[in-house]
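As structure tokens, the structure follows; a few thoughts come after it.
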Amino acid sequence: MTQVDGAGVEHLGAQERVGLRVPARTLRGLSAVLAVLLVLALAFVSWGWVQTRENQTAERERAAASAVASQFALRMDDVDGTDFDTYIKGVNELLTTKAKTKNQQTFDVVKQSYETAKVKGSGKVLLTAVGDSDSDSATVLVVHDADVTTTQGSIEHHYRWSVDVVKVNGTWLVDDFNPVN
């Protein structure tokens, strides 16, 4: 039975009210499905957050490895034949023990000629790119140019090096480098 109030609005009578009855079993099933979906959504969001954090950490490590390789190239280019010991010290600060031993042999050979020729050099890094890396090692391509002046004149060198860096006690150090054609 329909009733009309004073404002002209119709109201359903108690007998005509339509109710939606959902069985308790259906409600429990729907609640379980929603709970599972909520747990899956939370797991997915957590997984995505962890992945993002890992990617950010890996990117920071790659940048740190690249920075050391770049600094190494700059220090190698910044040669001063009048103060060769300071030059060697600066380069060695970035080297592993293995690399220091290898480079000491090279430095011993060139020291006299650099001092005699009064070699002066400076460089600039044009590009670095990390080719391969993991948590404690990386290979970095370093593209750099060096201007070198001697008693014989000036020359510009264009270098492309593959620089291997490793993490030693939490610090990135150069372990080896090789020219790339």
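All values below come from the heavy atoms of this structure, side chains included, with hydrogens, waters and symmetry mates left out.
Rounded to the nearest 0.5 angstrom, Asp136 CG and Glu61 CD are separated by 10.0 Å. In this structure, NE2 in His158 is found 11.5 Å from NE2 in His144, a value given to the nearest 0.5 Å.
Only one option out of Asp164, Asp132, Asp176 pairs with Thr139 in a side chain to side chain donor-acceptor pair (under 3.5 Å); it is Asp164.
Both Leu74 and Phe107 are part of a single hydrophobic cluster, where members link through side-chain heavy atoms under 4.5 Å apart. No continuous path of ILVMFWY side-chain contacts below 4.5 Å connects Val125 to Leu173, so the two sit in separate hydrophobic clusters. Note: the hydrophobic cluster containing Val68 does not contain Val180 (ILVMFWY, side chain heavy atoms under 4.5 Å, direct or indirect links). In this structure, Phe72 is not a member of the same hydrophobic cluster as Leu126, with clusters built from ILVMFWY side-chain heavy atoms closer than 4.5 Å. Cluster annotation: Val166 is not connected to Val130 through the hydrophobic network of ILVMFWY side chains, with a link wherever side-chain heavy atoms come within less than 4.5 Å.
Taking all atoms of both residues into account, the shortest heavy-atom contact from Ala65 to Val140 is O-CG2, 4.0 Å. Residues Arg62 and Ser133 come closest through the heavy atom pair NH1-OG, 3.0 Å. Considering every non-hydrogen atom in both Thr116 and Thr151, the closest pair reads O-CG2, 4.3 Å. The two residues Gly81 and Glu115 have their closest heavy-atom pair at O-CG, 3.1 Å. Residues Trp172 and Ala138 come closest through the heavy atom pair CZ3-N, 4.0 Å.
No side-chain donor-acceptor contact under 3.5 Å links Asn103 and Thr106. Between the side chains of Thr128 and Ser70, not a single donor N or O lies within less than 3.5 Å of an accepting N or O. Side-chain atoms of Thr171 and Asn169 include no donor-acceptor pair closer than 3.5 Å.
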Enumerate, atom names and distances included, each donor-acceptor pair closer than 3.5 Å involving a side-chain atom of residues 84-96, sequence neighbours excluded.
| residue | atom | partner | partner atom | Å |
| --- | --- | --- | --- | --- |
| Asp85 | OD1 | Lys111 | NZ | 3.1 |
| Thr86 | OG1 | Asp83 | OD1 | 2.8 |
| Thr86 | OG1 | Asp83 | OD2 | 2.8 |
| Tyr87 | OH | Met76 | O | 2.8 |
| Glu93 | OE1 | Arg75 | NH1 | 2.9 |
| Thr96 | OG1 | Ala99 | N | 3.2 |
| Thr96 | OG1 | Asp175 | OD1 | 2.7 |

Side chains of residues 25-40: which donor-acceptor pairs under 3.5 Å do they make with residues two or more places apart or in other chains?
| residue | atom | partner | partner atom | Å |
| --- | --- | --- | --- | --- |
| Ser31 | OG | Leu27 | O | 2.9 |

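For the pair Ser137 (side chain) and Asp134 (backbone), a donor-acceptor distance under 3.5 Å is absent.
For Gln152, the CD atom is loosely surrounded, since the number of other residues' heavy atoms within 6.0 Å does not exceed 12.
Relative ring orientation between Trp161 and Tyr159 is described as tilted, the plane-to-plane angle lying within the 30° to 60° band.
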Discussion item. One pair to check against side chain to side chain contact (heavy atoms under 4.5 Å, CB included): Lys120 and Thr82. What are the steps and the verdict?
Written reply: CA-CA 8 Å; Lys120 281 267 202 210; Thr82 62; 4.2 Å; yes
